[in-house]
Amino acid sequence: MCVFANTLNEMVLQGFEGVVRVFPCWDKSVNIRFNNLRADGAFLVSSEMKNGVVGFVNIISEAGQTLRFENPYDTALVKIGNKEFTSSEKIIKINTSAGEVISVSAFTSGR
């Protein structure tokens with residue numbers, strides 16, 4: 001049973017070569033949501049995929065490590081506390097503090 005759970009976990013969240021990725025090998029025709037899965041670097045990650053689109057990604061930094069995150073959007077809107085920025089980079093790098101919450105969603109110009 002543990003092998004099945006680990007396989008499912010790796011399909012929705014990976015931390016490979018220091019980069020956190022959501023839904024790296026998930027069937028986009030299947031809707032799914034997960035909450036607080038642990039990623040390398042002491043990060044808790046929650047996300048959702050619906051109709052083949054990543055709806056959101058929330059990341060809690062437990063230890064204040066540098067987060068390297070694969071951007072699932074053309075342009076991402078990243079919110080950290082009162083600060084926000086957009087990024088079109090393939091890998092978004094963020095220096096975090098312990099307890100910080102990072103919210104990532106698709107940037108839309110009409111927001």
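Positions are given from 1, in the same order as the sequence printed here. In this text, all values refer to a predicted model and were calculated from it rather than measured experimentally.
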Would you say V20 and R68 make side-chain contact, with heavy atoms under 4.5 Å?
no
Rounding to 0.5 Å, atoms CD (E17) and CD1 (I91) come to a distance of 10.0 Å
Check whether any side-chain N or O of S61 sits under 3.5 Å from a backbone N or O of G64 as a donor-acceptor pair, and report yes or no.
yes
For the atom pair CG (N95) and CD1 (I80), what is the distance rounded to the nearest 0.5 Å?
9.5 Å
Once you round to the nearest 0.5 Å, how far does CD1 of I59 lie from CD1 of I94?
6.5 Å
Determine whether more than 12 heavy atoms belonging to other residues, nucleotides or ligands lie under 6.0 Å from atom CZ of F85.
yes
Any side-chain heavy-atom pair from F23 and P72 closer than 4.5 angstrom?
no
What distance do Q65 atom CD and T96 atom OG1 have between them, rounded to the nearest 0.5 Å?
7.0 Å
Any side-chain heavy atom of F69 within less than 4.5 Å of one from V104?
yes
Looking at side-chain heavy atoms only, is the closest gap between C25 and Q14 below 4.5 Å?
yes
Would you indicate whether E89, at its atom CD, is surrounded by more than 12 heavy atoms from other residues, nucleotides or ligands within a distance under 6.0 Å?
no
From CG (L67) to CD1 (I60), nearest 0.5 Å
12.5 Å
Between S88 and T75, do the side chains contain a donor N or O and an acceptor N or O under 3.5 Å apart?
yes
Between Y73 (side chain) and V54 (backbone), is there a donor-acceptor pair under 3.5 Å?
yes
Candidate pair K79 and I102, rule side chain to side chain contact (heavy atoms under 4.5 Å, CB included), full reasoning
CA-CA 6 Å; K79 295 181 181 182; I102 299 100; over 6 Å; no
Measure the shortest side-chain to side-chain distance between F56 and E48 over non-hydrogen atoms and say whether it is less than 4.5 angstrom.
yes
If you count the non-hydrogen atoms of other residues, nucleotides and ligands that lie under 6.0 Å from CG in N36, is the total more than 12?
yes
Does any part of the side chain of V19, heavy atoms only, come nearer than 4.5 Å to the side chain of E70, both counted from C-beta?
yes
State plainly whether one hydrophobic cluster holds both L44 and I32, where clusters connect Ile, Leu, Val, Met, Phe, Trp and Tyr through side-chain heavy atoms under 4.5 angstrom apart.
no
Sort out for me which residue in S46, S105, S103 forms a side chain to side chain donor-acceptor pair (under 3.5 Å) with N58.
S103
L13 versus R21: any side-chain heavy-atom pair under 4.5 Å?
no
same_hphob_cluster(F34, V30) at 4.5 Å side-chain heavy-atom cutoff:
yes
Check whether any side-chain N or O of N31 sits under 3.5 Å from a backbone N or O of N51 as a donor-acceptor pair, and report yes or no.
yes
Quick one: OG on S29 to CE on M49, what's the gap to the nearest 0.5 Å?
10.0 Å
Answer whether the closest heavy-atom distance between the side chains of V22 and V12 falls below 4.5 Å.
no
